Amino acid sequence: MNIALIGLGSMGYNLAKNMVSKNYQVNAFEKNMLIVENIKNDNIQNLYLLNSIQDLVDKTPSPRIIMLSLPADKIDKCINDLIDHLNPTDIIADLGNSLYLKSMEREKLLSRFNISFLGIGVSGGPRGAKNGPAIMAGGCEHAWANVKHIFEDIAAKYDDQKACCFFGSPGSGHFIKLVHNGIEYALMEGLAEISNILMQAYNMNNDEKANAFKTILQTNSSSFLLRITSEIINAKNNNNQYFVDEVDNLIEQNGTGIWTINAALELGVSIPSIYEAVSTRYLSKNFYSNSKEINEEKNQYDEGFDHREIPLEQIIFFNFACSIYQGLNLINESNNWDFFNYKMEDVFKAWSAGCILQGNYLDLISKKFKSSKILNFEFFFNLIKENCSNKLQSIRKFNSKAIELGIPCPVLSSNLAYYDLIFSKHEIGETIQLQRSFFGLHPLKDKNNTNKINPYWTKL
Ligand code: 6PG
C-alpha cells in the first residue's frame, strides 16, 4: 500500500513524521503554502511534498491509501476532488474528528465508485500523532486488513498491546472517538471544578494545588489529564505571572461534545455530566461577576480547614468513574443500533494509551471489566465501593462545601446526582407519574407493573 496524505496541519504533519520514522514513505499535499515552506525547511526524509491533488495521485501509484487529515468541514470537498482520480483498489481514510453519520454517508458514496472508505478517530493531539496516538477505526473490513499494519506501527503501546482497534461498520471508529471526546470534556471540567473549589473554599494557592494533584499521580486515580492539570496550574510566564491568571476564560469547542449529547438523546441514554461540561462551555465568558452585591452574597472560605484532610484521590476517582461510566454506557447502548456491535474490551484497548482519557483509573476499570465481563449498575456500584470509602461521605462534604459557598460545580454535582439517582431510594418517579396522570389522564400501573391504578382525578 502506498501512502498519500492530504493536510499537513499540526495533526497531519506529526502523523507523517510518525510514519516516516517507522520506515514508510509518505507523499503529501498541503494547500497552505506557509505550512509547506516551513515543512520544507525541516527536510524530513521520506516525506515528499507534492503540488496538487493530481500530482499527489500521479506520484502515488495504486494500491494506495489516501489519508485525510483535515477539518471536518473540508472532508466532503476533498473526497469529491479525489473521486475522479482514484482506482477501485484505493482507500480513502478520514483521520479527522468527523461525525460518525457523515462517515456512514461517505462510505456509501465511495462504495458506488468501488473505493473503500475508513473513518478513523485519532486521539492524542499533535504530540500523540508524532509519538504514538490512540487509533479508533471503522469502515471497509478488507481495506482495514490491507492497512492495519501501518496504523498498528504508529499507534501508542500499552503492555505490548497496540492502542489501535477496528470496530467494524463505517462510522464506528468515529463514534468511539466522539464518545471519547464527550468524556474528555467531563473529566477536564471535573478537574477544573475541583481546582477552583480547592482555591475558593480551602484557600489553597496555585503551588499548593499543583502539589496536591502531584501527590496522587502514582495512585489509581492518576491519569494523563491529572498530570497535565498538575503542571499547568502553577506554570508561569516570563513575567512570573501564572498562566491561569492571564488566560481568557471563554472555553472553545469543536463540536464533538455536542455530537455526543445528540447521540445520547437519540438513544435515550443519560449522560448528564457530559451535558453539564458542554453547557459550561456555552456559559463561559457570560459570567456576571462585577456586582458588589453578588460577591458579598457568597460566603467566605473556611480558613480553619486543613486541606491535607481532603481525600482528593477519592474525589477524583469518584468523579472520573461516574463520567466515564456514562460514556461507556452510551457505547453499550449504541449496540441497539443495528450498525454498531462494540466489544467493550476493544474500547478499553483503544483507550489504553496515547489518548486523552488514558490513565491508571481507566486501567483499573478495564481490568475489572475483564473479570466481570458486563457493564451494568452492579459493576458501577462495586467499582465505586471498592475505591471510595465511607459511603462517599467525604465526596458529599466536598460538593456541599462548594454549594454552601456558591462555588459552581455543575459536573461534580451532576456526577453525584447521577450516582444517587441510580442507587438511592427516591420517590421522584412516583410523584411525576401521578402529576402526569392528573393533567394528562395517562394510564398508571402499580409497582409490579401489573395492575392498573385509577385515582379519583382520572374520572372527568
Ligand atoms: C484528542 C482530542 C482532540 C482535540 C479536540 C478537543 O482526543 O486528541 O479530543 O481531538 O483536542 O479538538 O476538542 P475541543 O476543541 O472541542 O475542546
Side-chain angles (χ1 to χ4, degrees), residues 7 9-15 17-18 67-75 93-100 102-103 119-138 151 154-156 158 163-165 167 173-193 223-229 232 247-263 271 273-285 320 323-324 327-328 330-331 347-359 362 411:
S10 56
M11 285 301 287
Y13 185 36
N14 283 296
L15 282 168
K17 282 185 182 164
N18 189 342
M67 301 180 183
L68 314 182
S69 183
L70 296 168
D73 60 348
K74 300 277 184 289
I75 300 287
D94 169 12
L95 310 185
N97 267 329
S98 288
L99 178 62
Y100 65 101
K102 293 294 285 181
S103 301
I120 303 183
V122 178
S123 177
R127 277 191 202 89
K130 184 173 163 208
N131 303 318
I135 293 175
M136 298 149 251
F151 291 97
I154 63 168
Y158 177 83
C164 175
C165 257
F167 292 99
H174 277 136
F175 186 79
I176 293 298
K177 177 61 171 52
L178 166 157
V179 179
H180 168 282
N181 280 25
I183 299 168
E184 170 189 304
Y185 280 32
L187 303 191
M188 290 165 74
E189 165 84 21
L191 286 174
E193 288 175 14
S223 64
F224 166 78
L225 280 173
L226 181 69
R227 181 167 62 70
I228 64 160
T229 308
I232 57 174
V247 72
D248 185 13
N249 65 7
L250 170 78
I251 318 171
E252 297 186 43
Q253 53 184 326
N254 67 15
T256 45
I258 302 161
W259 296 342
T260 314
I261 293 162
N262 286 341
I271 54 164
S273 314
I274 295 173
Y275 171 76
E276 286 297 351
V278 174
S279 157
T280 304
R281 291 193 179 203
Y282 282 131
L283 264 177
S284 65
K285 191 78 181 173
F320 271 36
S323 297
I324 202 156
L328 293 174
L330 174 60
I331 294 171
V347 177
F348 287 124
K349 180 174 175 262
W351 293 353
S352 61
C355 69
I356 309 302
L357 300 185
Q358 64 179 298
L362 189 52
V411 165

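All values derive from a computational prediction rather than experimental measurement. Remember, it's 1-based here, ligands and their atoms both numbered in the order they're listed.
Scanning for ring pair (Phe, Tyr, Trp, His ring centres under 6.0 Å) contacts around Phe224 gives an empty result, with sequence neighbours left out. With sequence neighbours excluded, the residues satisfying ring pair (Phe, Tyr, Trp, His ring centres under 6.0 Å) with Phe151 are Trp144.
Shortest contact from atom 3 (C) of ligand 1 to any protein heavy atom: Lys177 NZ, 3.8 Å. Summary of contacts: the protein heavy atom closest to atom 4 (C) of ligand 1 is Asn97 ND2, 4.3 Å. Scanning the protein for heavy atoms near atom 7 (O) of ligand 1, the closest one is Ser123 OG, 2.5 Å. What sits closest to atom 5 (C) of ligand 1 on the protein, heavy atoms only, is Asn254 ND2, 3.4 Å. Looking at atom 16 (O) of ligand 1, its nearest protein heavy atom turns out to be Tyr185 OH, 2.4 Å. The protein heavy atom nearest to atom 17 (O) of ligand 1 is Arg281 NH1, 2.8 Å. Nearest protein heavy-atom contact of atom 6 (C) of ligand 1 is Glu184 OE2, 3.5 Å.
Within the 3.5 Å criterion, the main-chain N or O of Gly138 finds no donor-acceptor partner in the side chain of His174. Although no hydrogens or angles enter the test, the distance criterion places no donor-acceptor pair under 3.5 Å between the side chain of Glu184 and the main chain of Ile356. Distance alone, capped at 3.5 Å, places no donor-acceptor pair between the Ser223 side chain and the Gly359 backbone.
Near Asn181, the atoms of ligand 1 lying under 4.0 angstrom from a non-hydrogen atom of the residue are 7 (O), 9 (O), 10 (O). Residue-ligand proximity, Gly125 to ligand 1, at heavy-atom distances under 4.0 Å covers atoms 8 (O). Ligand 1 places these atoms under 4.0 Å from at least one heavy atom of His180: 7 (O).
Under the 4.0 angstrom criterion for non-hydrogen atoms, Gly124 is in contact with ligand 1.
Under 4.0 Å from ligand 1, not a single heavy atom of Met188 appears.
Here OG1 of Thr256 is found 4.0 Å from OH of Tyr185. Values are rounded to the nearest 0.5 Å. In this structure, Ile120 CD1 and Cys165 SG are separated by 12.0 Å, a value rounded to the nearest 0.5 Å.
The closest side-chain heavy-atom distance from His180 to Ile176 is not below 4.5 Å.
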